[in-house]
Each structure stands twice: as structure tokens, then as C-alpha cells.
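Some notes on the structure that comes next.
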Amino acid sequence: MEQRIAEILAELCGVEPEEIESDLDLFEEGLLDSFAAIQLVMELEESFGVSLDMASLPRERIANPAAIAALIQEKQG
């Protein structure tokens with residue numbers, strides 16, 4: 001799962017997957033903005049078969065790859 005998340009983030013952010021560390025703050029580093037966050041959520045939903053509601057999804061739940069992995073695991077139940 002972490003590898004796929006890194007691949008999705010790398011594609012959206014224009015970096016290599018190896019540059020995506022689990023604690024990398026995607027917003028602080030300027031890799032994600034609000035538009036890219038929407039794209040990220042759509043990609044996560046498609047890749048992992050989960051439903052994520054952007055309106056009720058706090059930014060910190062997608063702030064770094066580790067948080068994203070925890071969110072996906074939670075949604076997959």
C-alpha cells in the first residue's frame with residue numbers, strides 16, 4: 001500500500017517515488033495544494049476502492065504518506 005501511495009503522490013507532485021518519505025509534510029513542502037488534494041483523494045478512491053468525503057476530511061488526514069496509509073486502512077476496515 002505504501003508503495004502505491006508513493007507512486008500516486010509522485011505522479012501528482014512531479015517528483016520521484018523515492019523522494020516521498022512517510023513523514024513528508026506534503027502541504028508544508030508545497031507538494032500539495034487544495035486542487036492537488038482533490039486529485040489525490042480521487043486517485044486514492046480509485047486505487048484502493050474506498051470512499052472519501054473531501055468535505056469532512058481534515059487536511060491532517062492527508063498531510064503525509066503515513067497519515068494517508070492509516071486513513072486507507074481505516075476505510076478498508
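Below, each value reflects all heavy atoms present in this structure, side chains not excepted, and no hydrogens, waters or symmetry copies. All residue numbers in this chain count up from 1 along the given sequence.
Pairs engaging residues 30-46 under the side chain to side chain donor-acceptor pair (under 3.5 Å) rule: none recorded [sequence neighbours left out].
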Pair up each side-chain donor or acceptor in residues 49-67 with any protein partner under 3.5 Å, not counting sequence neighbours, and list the distances.
| unit_1 | atom_1 | unit_2 | atom_2 | d |
| --- | --- | --- | --- | --- |
| D53 | OD1 | A55 | N | 3.2 |
| D53 | OD2 | S56 | OG | 3.2 |
| R61 | NH2 | E74 | OE1 | 2.9 |
| N64 | OD1 | A66 | N | 3.1 |
| N64 | OD1 | A67 | N | 2.8 |

Report all side-chain donor-acceptor pairs from residues 15-30 shorter than 3.5 Å, counting only partners two or more places apart or in another chain.
| unit_1 | atom_1 | unit_2 | atom_2 | d |
| --- | --- | --- | --- | --- |
| E19 | OE2 | E16 | N | 3.2 |
| D25 | OD1 | F27 | N | 3.1 |
| D25 | OD1 | E28 | N | 2.9 |

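Atoms CG and CG, on L44 and L12 in that order, are 8.5 Å from each other to the nearest 0.5 Å. To the nearest 0.5 Å, the span separating CG on L40 from CD on E11 amounts to 11.0 Å.
Under the side-chain contact (heavy atoms from CB on, under 4.5 Å) criterion, M1 pairs with I5, F48, A69, I72, Q73, Q76, not counting sequence neighbours.
Nearest heavy atom pair, residue C13 against residue L31, reads SG-O, 3.3 Å.
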